[in-house]
Amino acid sequence: MDANLAPQFNEADTRRIFDTVVDTVGVTIPDDVQVLIKKKPEFQSSGLTPVVLASLKLLINDHDTFSAAVTEKAYKGDPELVAEGEAVVAKIHDAIQDGINVYS
């Protein structure tokens, strides 16, 4: 999906999108990155560290690009809703960046 091509989201759509992200990838991505961090010795011993690092870099690029497009289309009339969206985007970005830092 190219979020840049989506129409502007109304308040209800924005709330539904943000709630879904908070409840799903807002939990699973940070948790999964922590699993990758804990398994670094195993990836190192098998020579897969560069693959994990490249995958994390691709993931953060995709996350940042998609999140920027969705955020741009999101309803801006509710500061609390905007803050919720910004917080979950930052949480996911920071988790992925932690993984990149560990594997770099």
Side-chain angles (χ1 to χ4, degrees):
M1 174 182 157
D2 187 343
N4 291 309
L5 300 177
Q8 197 70 31
F9 304 133
N10 63 32
E11 184 175 7
D13 289 340
T14 299
R15 187 169 307 284
R16 194 169 24 260
I17 292 166
F18 288 176
D19 287 348
T20 299
V21 171
V22 166
D23 293 340
T24 59
V25 294
V27 175
T28 59
I29 290 177
D31 288 352
D32 292 345
V33 170
Q34 286 304 306
V35 170
L36 283 174
I37 290 170
K38 290 176 185 170
K39 292 189 173 204
K40 183 180 179 190
E42 295 167 47
F43 286 113
Q44 281 179 313
S45 68
S46 63
L48 292 173
T49 301
V51 174
V52 175
L53 179 59
S55 298
L56 287 167
K57 287 180 176 180
L58 178 61
L59 181 60
I60 203 167
N61 180 67
D62 288 350
H63 165 70
D64 289 350
T65 303
F66 183 74
S67 296
V70 170
T71 302
E72 181 63 30
K73 299 289 183 166
Y75 175 77
K76 306 283 191 294
D78 180 344
E80 213 171 277
L81 183 60
V82 171
E84 178 185 3
E86 291 172 352
V88 74
V89 165
K91 177 183 177 184
I92 295 167
H93 174 91
D94 292 348
I96 301 167
Q97 187 62 56
D98 287 346
I100 291 170
N101 293 345
V102 167
Y103 276 87
S104 291

**Report entry** Validation row: L81, F18 side chains within 4.5 angstrom (heavy atoms)
**Finding:** yes
**Report entry** K91 side chain vs G26 backbone, donor-acceptor pair below 3.5 Å
**Finding:** yes
Report task. Grab the two heavy atoms, one from Q8 and one from K73, that are nearest each other, plus how far apart they are. Result -> NE2-O, 2.9 Å
**Report entry** same_hphob_cluster(F66, L58) at 4.5 Å side-chain heavy-atom cutoff
**Finding:** no
Requested in this report: Could you pull out the closest heavy-atom pair between P30 and A95, with the gap in Å?
Outcome: CA-CB, 3.6 Å
Query raised in the report: Which pair of non-hydrogen atoms, one from L53 and one from S104, has the smallest distance, and what is that distance?
Result: CD1-OG, 3.7 Å
**Report entry** Flag side-chain contact, heavy atom, 4.5 Å: N101 against Q97
**Finding:** yes
Report task. Determine, using the 4.5 Å side-chain heavy-atom cutoff (strictly less than), whether V51 and Y103 are members of one ILVMFWY cluster. Result -> yes
Query - Over 12 foreign heavy atoms within 6.0 Å of NZ, K40 - result: yes
Query raised in the report: Is there a side-chain contact between V70 and V21, using heavy atoms and a 4.5 Å cut-off?
Result: no
Report task. Report the distance from atom CG of L36 to atom OG1 of T49, rounding to the nearest 0.5 Å. Result -> 11.0 Å
Query raised in the report: Quick one: do V88 and V82 end up in the same hydrophobic cluster if we chain Ile, Leu, Val, Met, Phe, Trp and Tyr together by side-chain heavy atoms under 4.5 Å apart?
Result: no
Query raised in the report: Quick check: does any side chain N or O of S45 sit under 3.5 Å from a backbone N or O of E42, one acting as donor and the other as acceptor?
Result: yes
Query raised in the report: Judged by atom type as modelled, is there a donor-acceptor pair below 3.5 Å linking the side chain of K76 to the main-chain atoms of T71?
Result: yes
**Report entry** Over all atoms of both residues, closest heavy-atom pair of D13 and N10
**Finding:** N-OD1, 2.7 Å
Report task. Would you mind reporting whether D64 and I60 have side-chain heavy atoms less than 4.5 Å apart? Result -> yes
**Report entry** Over all atoms of both residues, closest heavy-atom pair of D23 and V27
**Finding:** O-CG2, 4.1 Å
Query raised in the report: Quick one: are D78 and R15 in side-chain contact, heavy atoms under 4.5 Å?
Result: yes
Query raised in the report: When you look at D19 and R16, which way does the salt bridge (Lys or Arg N to Asp or Glu O under 4.0 Å) test go after all the steps?
Result: CA-CA 5 Å; D19 287 348; R16 194 169 24 260; over 6 Å; no
Query raised in the report: Does any non-hydrogen side-chain atom of V89 lie less than 4.5 Å from one of H63?
Result: yes
Query raised in the report: More than 12 non-hydrogen atoms from neighbouring residues, nucleotides or ligands closer than 6.0 Å to CD on E72, yes or no?
Result: no
Query - Minimum-distance pair of heavy atoms, taken over all atoms of L56 and V33 - result: CD2-CG2, 4.3 Å
